[in-house]
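These figures come from a predicted structure and were not determined experimentally. Residue indices begin at 1 and follow the sequence shown. Counting convention: from 1, in listed order, for ligands and their atoms alike.
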Amino acid sequence: MAHISEEQIAQWDLIDPLAEKREAFTLPANTVYLDGNSLGAMPTAAALRGKQVLEHQWANDLITSWNTHSWIDLPATVGEKIAPLIGAAPEQVICCDSTSINLFKVLASAMTLQKNRSQVLSLAGNFPTDLYMVEGLTALLGESHCHLKTVDEDTLEEALTSEVAVLMLTQVDFRTGRLLDMQRVTHLAHKQGILVIWDLAHSAGALPIALDECDVDFAVGCGYKYFNGGPGAPAFVYVAKRLQAHVSQPLKGWMGHKQPFAFAQGYEQADNITQYLCGTPNVVSMSVLDAALEVFADVNMQQIREKSEALSELFIALVEAEVALSDLVLVSPRATKDRGSQLAFEHEHAHGICQALIELGVIADFRAPNILRFGFTPLYLRYQDILTSVQILTQVIQQKVYLQAQYNKQNKVT
Ligand SMILES: *Cc1c(COP(=O)(O)O)cnc(C)c1O
């Protein structure tokens with residue numbers, strides 16, 4: 001890779017069509033934030049909305065706010081804001097609960113549709129909560145009605161047989177950033193009569209997604225990663241319109257009822273995506289997410305993808321050009337088209353390096369046992385931030401800063 005000059009990098013920032021989006025965020029000084037794939041940075045509008053909801057809506061308008069400030073409509077309003085960002089036509093996405101809980105709902109829905117099949121197929125490297133939720137459903141339904149099979153990616157396609165009831169995949173691998181081909185895999189699964197659930201945790205808000213076009217059955221995703229909805233922000237769920245009249249989900253809370261305020265004796269499910277609601281929406285955090293999503297109103301996901309690719313390619317080029325960094329082993333796919341918006345490197349001292357980086361103002365994260373993970377969020381990162389982060393990484397590794405005792409303590413959250 002040819003040498004990349006500081007002038008060249010400054011020039012990329014000057015011509016970056018997303019450059020001014022950074023101003024929509026409140027960011028700490030002297031920090032390069034490379035962890036937006038775990039917890040997005042705070043859009044300033046999110047803080048203002050939070051304050052307004054607490055101090056004005058809740059404090060003054062109290063319970064009348066359910067109507068006057070449309071609190072009751074938030075799950076649908078936020079769902080419709082997310083829909084175009086993941087390639088979904090209206091009335092198929094709703095905001096509620098957490099990704100884990102939404103996975104349980106759609107897993108149960110899908111298994112109920114597949115009367116004579118019991119296998120849930122996934123990848124062995126999937127995010128643990130996704131696999132745990134299948135275990136939970138197995139415990140409830142019994143092994144003969146639901147059991148998990150996991151394979152490695154290289155044997156995924158041959159495992160798509162008529163034995164499989166549901167294929168549950170995460171589009172972008174949380175460790176390596178590996179991006180699966182949604183269109184192809186969904187198509188191959190459908191040919192075998194398999195229903196497909198996609199977890200968009202590390203892809204929604206980071207790259208263009210075409211759920212409708214790929215004919216996906218169900219999807220779930222996070223509000224607090226690339227959607228910047230704040231810690232513990234509610235998640236979302238997508239159910240294809242063509243399935244909505246046929247599905248049901250087991251968490252039959254009153255908000256999923258056809259007429260919640262009829263307070264009827266028996267449960268009658270709403271005949272649309274609303275049936276995926278369970279209880280009362282978490283109004284404060286859902287409002288914050290609603291405001292945070294406004295930063296996406298005037299950008300398209302293709303623009304975001306292009307900058308994400310450029311930022312990560314720059315990071316790799318700078319790492320590869322630095323002899324002191326030759327012990328970092330890229331475990332993400334080398335081809336940009338096969339990656340989401342993050343890079344993972346293996347290093348024997350990954351944990352200590354990550355702690356030292358954070359101390360020096362470069363926030364990345366560590367994934368056991370030896371992975372350093374860097375997330376690239378085009379809405380608030382500059383090309384110069386990539387240069388700064390690789391310079392600091394070089395300093396940490398060259399000077400073996402990571403060996404210092406203070407960088408080798410284990411925190412509860414990594
Ligand atoms: C982040 C993430 C989750 C998080 O689930 P929560 O219920 O929000 O804790 C789930 N699945 C994947 C693949 C993730 O990356």
Seminar exercise, completed: shortest atom 10 (C) of ligand 1-to-protein heavy-atom contact is with T129 CG2, 3.5 Å

Exercise. So, Q57 versus W71: side-chain donor-acceptor pair below 3.5 Å or not?
Worked result: yes

Seminar exercise, completed: One finds that the ligand 1 atoms under 4.0 Å from a non-hydrogen atom of A201 are 2 (C), 12 (C), 13 (C), 14 (C), 15 (O)

Problem set entry | Option nearest atom 7 (O) of ligand 1 (shortest heavy-atom distance, choices S203, C222, G221, S100) | S100

Exercise. If we only count N/O pairs under 3.5 Å, is H202 in contact with ligand 1?
Worked result: yes

Seminar exercise, completed: Ranked by distance from atom 8 (O) of ligand 1, the top protein heavy atom is Y224 OH, 2.7 Å

Problem set entry | Carboxylate-amine/guanidinium contact R242 D217, below 4.0 Å | yes

Exercise. If we only count N/O pairs under 3.5 Å, is D199 in contact with ligand 1?
Worked result: yes

For this session: Could you tell me whether the side chain of N370 and the main chain of E346 form a donor-acceptor pair under 3.5 Å?
Result: no

Exercise. Is Q244 reaching over with its side chain to a backbone N or O of E91, donor-acceptor style, under 3.5 angstrom?
Worked result: yes

Exercise. Looking only at N/O atoms, are D130 and ligand 1 under 3.5 Å apart anywhere?
Worked result: yes

Problem set entry | Atoms of ligand 1, numbered as shown, that sit under 4.0 Å from any heavy atom of S98 | 7 (O)

Seminar exercise, completed: Numbered in order shown, the ligand 1 atoms found under 4.0 Å of a heavy atom of T170 are 13 (C)

Problem set entry | Residue and atom name of the nearest protein heavy atom (relative to atom 14 (C) of ligand 1), distance in Å to one decimal | K225 NZ, 2.9 Å

Exercise. So, does S109 use its side chain to make a donor-acceptor pair with the main chain of S248 at under 3.5 Å?
Worked result: yes

Exercise. So H257 and Y267, would you call those rings parallel, tilted or perpendicular, with 30° and 60° as cut-offs?
Worked result: perpendicular

Problem set entry | Aromatic centroids of F261 and F263 separated by under 6.0 Å | yes

